Structure formats: C-alpha cells, structure tokens
Protein chains: 4
Amino acid sequence: MSPRRRDSESTAAARAERRAGLLATAAEVFASRGYAATTVREVADAAGILGGSLYYHFDSKESMVDEILSTFLTDMWAAYDRVLGSGLGARETFQELVAESFRMIDRYRPAVVIYQNESKHLAANPRFGYLQESQRRFRETWLAVLDRGVLDGEFRADLDTGLIYRFIRDTVWLAAGWYRGDGPLPAEEIARQYIAMVLEGILST
Amino acid sequence: MSPRRRDSESTAAARAERRAGLLATAAEVFASRGYAATTVREVADAAGILGGSLYYHFDSKESMVDEILSTFLTDMWAAYDRVLGSGLGARETFQELVAESFRMIDRYRPAVVIYQNESKHLAANPRFGYLQESQRRFRETWLAVLDRGVLDGEFRADLDTGLIYRFIRDTVWLAAGWYRGDGPLPAEEIARQYIAMVLEGILST
Amino acid sequence: MSPRRRDSESTAAARAERRAGLLATAAEVFASRGYAATTVREVADAAGILGGSLYYHFDSKESMVDEILSTFLTDMWAAYDRVLGSGLGARETFQELVAESFRMIDRYRPAVVIYQNESKHLAANPRFGYLQESQRRFRETWLAVLDRGVLDGEFRADLDTGLIYRFIRDTVWLAAGWYRGDGPLPAEEIARQYIAMVLEGILST
Amino acid sequence: MSPRRRDSESTAAARAERRAGLLATAAEVFASRGYAATTVREVADAAGILGGSLYYHFDSKESMVDEILSTFLTDMWAAYDRVLGSGLGARETFQELVAESFRMIDRYRPAVVIYQNESKHLAANPRFGYLQESQRRFRETWLAVLDRGVLDGEFRADLDTGLIYRFIRDTVWLAAGWYRGDGPLPAEEIARQYIAMVLEGILST
DNA sequence: CATGAATGAGGATTCATTCAT
DNA sequence: GATGAATGAATCCTCATTCAT
C-alpha cells in the first residue's frame, strides 16, 4: 500500500467511514426508539461520543435520517430497476421484487424500519420530497406488475389490484420489524414463504 | 326529559361524553402526527380549547393514549372472544376473526393506527403492560387457529405457522393506515378480499 | 367602570400591557449588553421570570427586537412626518427634526441605542427589511432638507451635503448612548445646543 | 537571500507577519459581523484555515480583539501625543487632532469600528481596563482643548463643553462606519469638511 | 503550522404540567 | 370547565477551545 493510498484513506475515505458508522448507530437507535422520541444525546451515547460531537459530522438530527433513508432508497431502486429491466413475466417479476425486498431488509433493516414508521410524517417536510416520489414509483411499479399479471391470466381477475397493491406495499417491509439476521430463518427462506403465501394462499389444495 | 334527568346528564354522563369527545379528537391527532411528535397544545387546538384545559379532564398526555388504547383493546377482545367461543372450525374462525378486525378498523380507526405505530414503544412503560399481554394473547390465539387448521388438513402444512402468524398480526391492522369510512370500498368488502388473498392466493387456478 | 370594561381590560389590554412591560425590560438589557451578547435568560432574569416563560409572550428573541425597533420607528416616522408636513423652511425643518429626534431619545432611549448598534447587522435578515427602508427614507428626508437649505441660501454651499447628512444621521441618535432622563440636562437643552453647534459652529464670532 | 536570513524570517519575523495578517482578517470580520456575533470559525474561514488552527497563533478569541484594539490605541495615542506636544493653540490643536483621527480611520478602519461598537461591552472585562483608561485620557484631552479654546476666546462660551466633548468623542470615529479608502473622498477631505462643519457651522454667513 | 475530531458548557426554544382566577 | 400565565426540565444545536497526529 503506497503512502499516497494511505493518505487518501486517512482523509476522504476515513471520514466517509466514520459517517457511515455513526449513521448505522443512529439508524439502530431511531429504529428502536422512534425518530421523534429519540434524542440526539441517545444517538451520541450509543456512538460513545458527546451530543455536540455529532454536529461535527452532521448538520442536524434531520440530516441524519435524511441520509439514512436516501441511501437505502437509492440502493433499493437500483435493485428494483435491475429486476424490472430483465424482461421477466409478471409472476417472475413479482417473485424477484419480493426477493429483493427481503434482501434489502437483510442489509438495511434499521433503515427499513424507519422508512415504515416515519416516512408518512417526514414526507410533510419538503426536504423529504423524495419519499413521496419513491412512494409514487412504488405504486406505479407494483400496479403495473399486478395488472399485467391479470392481463396475462397469471393472476386472478376477481381481486382489486389497488387493494392487493396496498397489502403488498405494507407487508413487503413488515418483516423488518422482527427479522434478525442471526435468527433461524434466513431472508431467502422468509421471502420464499411470503411468496408462496401470497401467490398460492394458505389453504391446502 | 325531566330536570332530574338533565341534571344527572350534566354531571356523570355529560362528563363522560366530554371525555369521549376529547379522546376522539386526541386519537385523531395522535394518529396523524404520531404520539411522540404531537404536543398537548395541538390536541387542545383541535378540540378548540387551551392546552391547560385538557388537564381538567385528563391527568396527562400519557393517560390519554392509555384510555384510547385500552378502550379499543377491551372492545376488540370482547369481539374476538365471541368468535372464539362459538365453536367454529379453523377456516371459519380465521374468516370471522379477520372480519372482526376490519370492523374494529371501521370503528376505531385512529386508535388502531396508534396501536400499530406506537405500541412497541409504549410497551416499555409498565403502565402499558396490558399491551404486551394483549400481544401475547393475540399470538396465542392466532397460532392456535393456524395450528389447528394445519392439523385438520384445512391449511397447508408446508408453511411455518410462526411466520404466517406474524404476517397476519401486522397485516390485519394495516388497512387502518389508509381506510376511509367514506371511501368506495366498505370494510366488509376489504375484509372479503383480504381473506380471499390470504386463503387462496393471488394466482389464477 | 362597568364589569364589561374591566373584563376587556383583563384580557386584551392587560396582555398588551404585560407585553409592553416585558419589551421595555428586554430593550433595556439588549441596549446595555448588546443584542447578540444578551441571553434570553438575562432578559427573563431582569423581568423576574424564567427563561422559558418569555416564550408565552413572544415567539423568539428575534421577535422581541423586532417589536422594539418597529414600535420605535413607527412612532419616529409619525413625528417626522408631522414636521415635514407643516410647510416650514429648511432651517426650521432642520431644527424641528432634530428636536423630535431628541424627544424620541427621551422616550425610547433603549430602542434608539439598539437601533444605533444593531440595525446594520439585523438588516441582513429579510425580516428586518423595514430597517433598510427606514434608512432609505431617512437619507432621502435629510438630503432634501439640506439641499433645499443650500438652494435657499440658508446653508453653506461649500460643504458636501452627502457628507453632512452622514454626520447628522449618526450624531442625531448618539446622545442615546449617554443620555439619562434624570441627568442635569433635559432633552430640550441638549437638542438646543446640538442645533446651535451644527448650525453655527463652535467658533466664537 | 542567505539561508540564515530565510531561517530567521521563518521564525520571529515571519511569525509576526502571519499574526498581523490573521489579525487584519479577524478585525475585518469582527467589524462587519460584530464581535459577539462572530464565530472563531468565521474568522478562520476568512483566513482560509480551520478553526482550531487559529489557536496556534492566539490564545483565544478575546486575545485577538485585545491585540487589535491595543495596537490601534497605542498608535493613536502616539499620534495624539505628537500633536499635543507641539505647542499649538486650541483651534490648531483641534484641527490636528481631528485630522489625526481621520488618518487613523484610514489606517485602522476595522479596528476603529470595533472600538466604536464593542469597547463599552468589553470594558467590563478587567483585561480591557486600558479601554477605560484610554477613554479617560480622551475625555481629559478633549476637554482641555475645548476649555482652553473658550478661555482664549477662540471657542464660543455659551456651549456646554461637556456636551460638545461627547459629540466629538463619538463623531470623530463615526466615519469609520462608512469610509472606504477607495471611495471618491480621501480622508483628508472628509476631515477638512468635518472641521469646517464643527468649527463654523453649516449656516451660510 | 495545520488538520480533524472531539469536548462540554451554554444558548434558544419547546413542551408537559400546574394553578390562581 | 376553561383561561392565561408561568414553571422547569429537556431538547436541539452552537461554539470556543483542546489535542493527538
């Protein structure tokens, strides 16, 4: 490793790493206590520094959630877009989108919890306009998949896709509330069962 | 209406009615802004009185949510218990419990939203021990229904009932987040489609 | 005094009086310590209440200076406009404007001190746009008086009126820095000597 | 340039130069934003370094103003003392002192602004005792000139010299607030007009 | 000489709560 | 029943200052 390399690491990269570490801590705390109910001091305590020190790295408590959520959403849409661009049929697209969602939960669990619990309130703030935009795309994406599935005869025609969409929208992230990476069921398996339940129902045939 | 009757109304009954009205207002505000983020003043504003005046009726902000949630849960369990005591099979019990849940959403929408969003945080407080107790009974109840359904051959045996329970636990209340009593779909119809989806899946057969 | 009258007094008027009293206290403190260097707690201490209590009456520290300054400026311009509208010659107008200024110092001493010391910094804030507007009118007004005096042959033509204006602009309020209503010299007398100095100079003739 | 020479520069002299440069920057910022309202970081930004780096050169924010003000005052009193020691009459002394003051404004504009705006507040701090001492000498000096002028029959006897002194004390530095070295009027000319105004008045004769 | 990260005291502001009227 | 004024603890954030590198 050259000195130059080390030098750049000790500035830009190290700074970014520190930020990322602090954000991971903050996300954990926001997720478990709720954003509004979490004090900056609690985040700092969890990070082992003093409250004021957080402001060397971040402008405000708000900018922390902002970064947490936008990082997650950016990555999520990249994954969704990969799926949507691969020319799959409605059913396969459904399966892959769900699978990606559970991978996101695996990777960004606290961010997903925050997204679930707080995005409705945060979206009122212009700064978080991208939350509404994301919500809009999400709806558009899922409705398209469901409608196409109905057209192709893959999905039942007697169900209101608007209704189904709403259930999926909310349920797809719900596992974030209880999922533990170290639990008995891996994300893959949870996704598989979720898909089986939604596609085929829980009745035996 | 006799003067005596009116007099009693203006004390016990009228007092209770006023409380109920204020709680309805408070529930609305807590549901839309989030409990932690709602100020007592916002509740009072919505009720058309001053912040301090709420303290004539309630001990604290906390006692307001407390009453909102416990009223809802008491009623909910009464309805659940009626279903559970009527000797139905697993599938019918499933259907009736879900139907009751949607009726609850219809009747207690703001309370359900608060329950969904805040009960995890509130449960840390000993005062809200009944939330954990309720959660425990909910889990016990639903697992029993699912397990019995599997035993009876009504439900698929290849799904993890623990997993299915968690989805149901969360999804059954989710509609509270967007349901509007004056919307196009009545609670009954939403329940019907929800049941159809969970029981039979969304695939066409 | 009718009950109705007393009632109205105990609401609107009493509230206004309390505000005015607190503002007088705040003005005193801002004037003596400097606005930026004054803490809200110091203002509250001076008023005999706790820091937080000030926020029942005012939105912010800023809104306090705002009200202090705008009240003063409104009254000042009313007085100036009376003089300007009375059709006096340049010299008499000069004398009367100066006299009014010293009366303002007498009545609004702390506000004038704040105006002198802080308006340049505050004016950067859009909320205090009226400070710039007031400055503009002040300049326009005094330049008109001076220029007309030169035209009429009352004032010397060999002095730069732009320069003279600047001296007057600043000096007219300067006495606020040391004037004490209970000192040996009444405002009238100070104004008289100021006028004599500026009009005739300090040389003996 | 010998290595030795360069070496000495990079220690004593260069250090002093760096300090002077940083102080000039600091004075500029303090003057434009106000001392209390200026953050150390703003000074550092203006100097192109980081906040903490200033502490290599100075003990504290306070020591910066201290050095700014004492440098200015030392130089000012040297100039004043030269005038006072040259045996001039009251009128000439008046003229020369005013001329020196305007030269000071030309050379130390930001320091003079700070002196005008902050010295009253800073003087409360024992460290800045010399500000009060300077104020005392200033008063003594000017009163002596004025009183002697009255005795000698050069200045009018009907004006309160205590009052005149106060106007001069404040006005003599006021131009610092708006003077620009690159403006149309040189310091000399402003001084000339100021002297003409105060000595002879603005009335035409 | 300068940086970057942190400290810790303090500052403006919010808010649940109290209480005399 | 409600008001209006106040309390006081807690919150977010700022900033002068320190110090290892």
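This is a predicted model, so every value here is computed, not measured. Protein chains get the first letters and strands the later ones, always in sequence-line order, with residue 1 at the start of each.
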5'-most contact on DNA chain E (nearest-nucleotide basis), B/S60 vs C/G51, goes to C/G51
So among C/F128, C/Y130, C/F30, C/F72, which one has a ring pair (Phe, Tyr, Trp, His ring centres under 6.0 Å) with C/Y115?
C/F72
Could you give the distance from OG1 (A/T25) to CG (A/L54), rounded to the nearest 0.5 Å?
9.0 Å
Kindly compute the distance separating CG (D/L50) from CZ (D/R41), expressed to the nearest 0.5 Å.
8.0 Å
Select one nucleotide: of [options], the one nearest the side-chain heavy atoms of [X].
X	options	result
C/K61	E/dA12, E/dG8, F/dT7	E/dA12
C/Y55	F/dA16, E/dT14, E/dT18	E/dT14
B/R18	E/dT13, F/dA2, F/dA6	F/dA2
A/S53	E/dT17, E/dA6, E/dA2	E/dA6
D/V40	E/dT7, F/dA6, F/dT17	F/dT17

Nearest-angstrom distance from the residue atom [atom1] of [X] to [atom2] of [N]:
X	N	atom1	atom2	answer
A/L22	E/dA5	CG	P	10 Å
C/L50	F/dA6	CG	C1'	8 Å
D/L54	F/dC19	CG	C1'	16 Å
A/Y56	E/dG8	OH	P	18 Å
C/R15	F/dA6	CZ	P	11 Å
C/D45	E/dG11	CG	C1'	13 Å
C/R19	F/dG4	CZ	P	14 Å
D/F30	F/dC15	CZ	P	13 Å

Would one find a side-chain N or O of C/H57 under 4.0 angstrom from OP1 or OP2 of F/dG4?
no
Passes side chain to side chain contact (heavy atoms under 4.5 Å, CB included), C/L69 versus C/L122? Steps please.
CA-CA 11 Å; C/L69 291 178; C/L122 292 173; 3.7 Å; yes
Determine whether a donor-acceptor pair (N or O, by modelled atom type, separation under 3.5 Å) exists between the side chain of C/S119 and the backbone of C/Q116.
no
If you look at every strand shown and take non-hydrogen atoms under 4.0 Å, does D/T38 touch a base, only sugar-phosphate, or nothing?
sugar-phosphate
Which nucleotide, if any, forms a Watson-Crick or G-U wobble pair with F/dA5, using both distances under 3.5 Å?
E/dT18
Which residue lies toward the 5' end of DNA chain F, A/T39 or D/R41, if each is placed at its nearest nucleotide?
A/T39
